[in-house]
Amino acid sequence: MDEMLQMMVLWLKAGHMIFAIFWMAGLFMLPRYFVYHQEAEPDSSENARWIEREAKLRNIILTPSLVIVWLLGLALAYTTGAFSFGWFHGKLLILLLLSGYHGFLVSYAKKLARGERSLSGNRLRLLNEVPGIAAALIVILAVIRPF
Ligand code: HEM
């Protein structure tokens, strides 16, 4: 029984890492797409192609990965008892903020599809730093477990 539980935790961990990578990849790519999208003329065929690429990235990679990484991560936390550790509370806080950032990106993609371009290219490039910083903090909290 113990061996089965250990094996289950390892599979959950593997799945969690795989979908965390997919989610992060999507979070890195979408704002980059926005920068290139905004360089296209508003009513051009290039603009329409970026709208399509962004919708595909959201629907095929970004949103399914967000849902799966949360489900597998919470299942992992439940089986390992992580809810009682300080590092995990810190990680949860960053993950909630990162999920909010994800929501913001999705709403910005919808705005772009409607022809609204409220952020400059420079602002979007700056926003692109968010997932990198969040990933570094998440990995440090989960691996070093400083508290
Ligand atoms: C989205 C919700 C997530 C939840 C609920 C979650 C939950 C967890 C839990 C409970 C553990 C500890 C497993 C153990 O006790 O051994 C863990 C480990 C870890 N997580 Fe997450 N996680 C999530 C997302 C992420 C993301 C997005 C990343 C990467 C950016 C990440 C990177 C890691 C790493 C590197 C470990 C350490 C694995 C090890 O020590 O073997 N997690 N996660």
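Worth knowing before you read on, the calculation uses all heavy atoms, side chains too, and leaves out hydrogens, waters and symmetry mates. In listed order, ligands and their atoms are each counted from 1.
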Run the contact test for W87 against ligand 1 with a 4.0 Å cut-off on heavy atoms, strictly below, and give the result. yes
Considering only residues two or more places apart or on different chains, which pairs with a residue in residues 111-144 satisfy ring pair (Phe, Tyr, Trp, His ring centres under 6.0 Å)? none
Return the closest protein heavy atom for atom 39 (C) of ligand 1 as residue, atom name and distance.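 Answer for atom 39 (C) of ligand 1: K13 NZ, 3.8 Å.
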Would you mind checking which non-hydrogen protein atom is closest to atom 14 (C) of ligand 1, with the distance to 0.1 Å? R145 NH2, 3.4 Å
Give the ring-plane orientation class for F22 versus F19, where under 30° counts as parallel, over 60° as perpendicular and anything between as tilted. perpendicular
Quick one, I94 and L141 - any side-chain contact, counting heavy atoms below 4.5 Å?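 With C-beta onward as the side chain, the pair touches.
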State, yes or no, whether a side-chain contact exists between L12 and H16 at a heavy-atom distance under 4.5 Å.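 They are not in side-chain contact.
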Donor + acceptor pair across side chains of E54, W50 (<3.5 Å): no
Residues in salt bridge (charged side-chain N to carboxylate O under 4.0 Å, His left out) with E41, at least two apart? none
Residues two or more places apart in sequence or in another chain: which of them pass ring-ring contact (aromatic ring centres under 6.0 Å, His included) with F83? F88
Looking at R49 and E46, is any side-chain nitrogen of the basic one under 4.0 Å from a carboxylate oxygen of the acidic one? yes
Can you sort out which atoms of ligand 1 are near [X], meaning under 4.0 Å from one of its heavy atoms?
X   : result
A77 : 10 (C)
T80 : 14 (C), 15 (O)
A82 : 10 (C)

Anything protein N/O/S under 2.8 Å from atom 21 (Fe) of ligand 1? Just list residue and atom, please. H16 NE2, K91 NZ
Is there a chain of hydrophobic side chains (I, L, V, M, F, W, Y, each step under 4.5 Å between heavy atoms) that links V69 to M29? yes
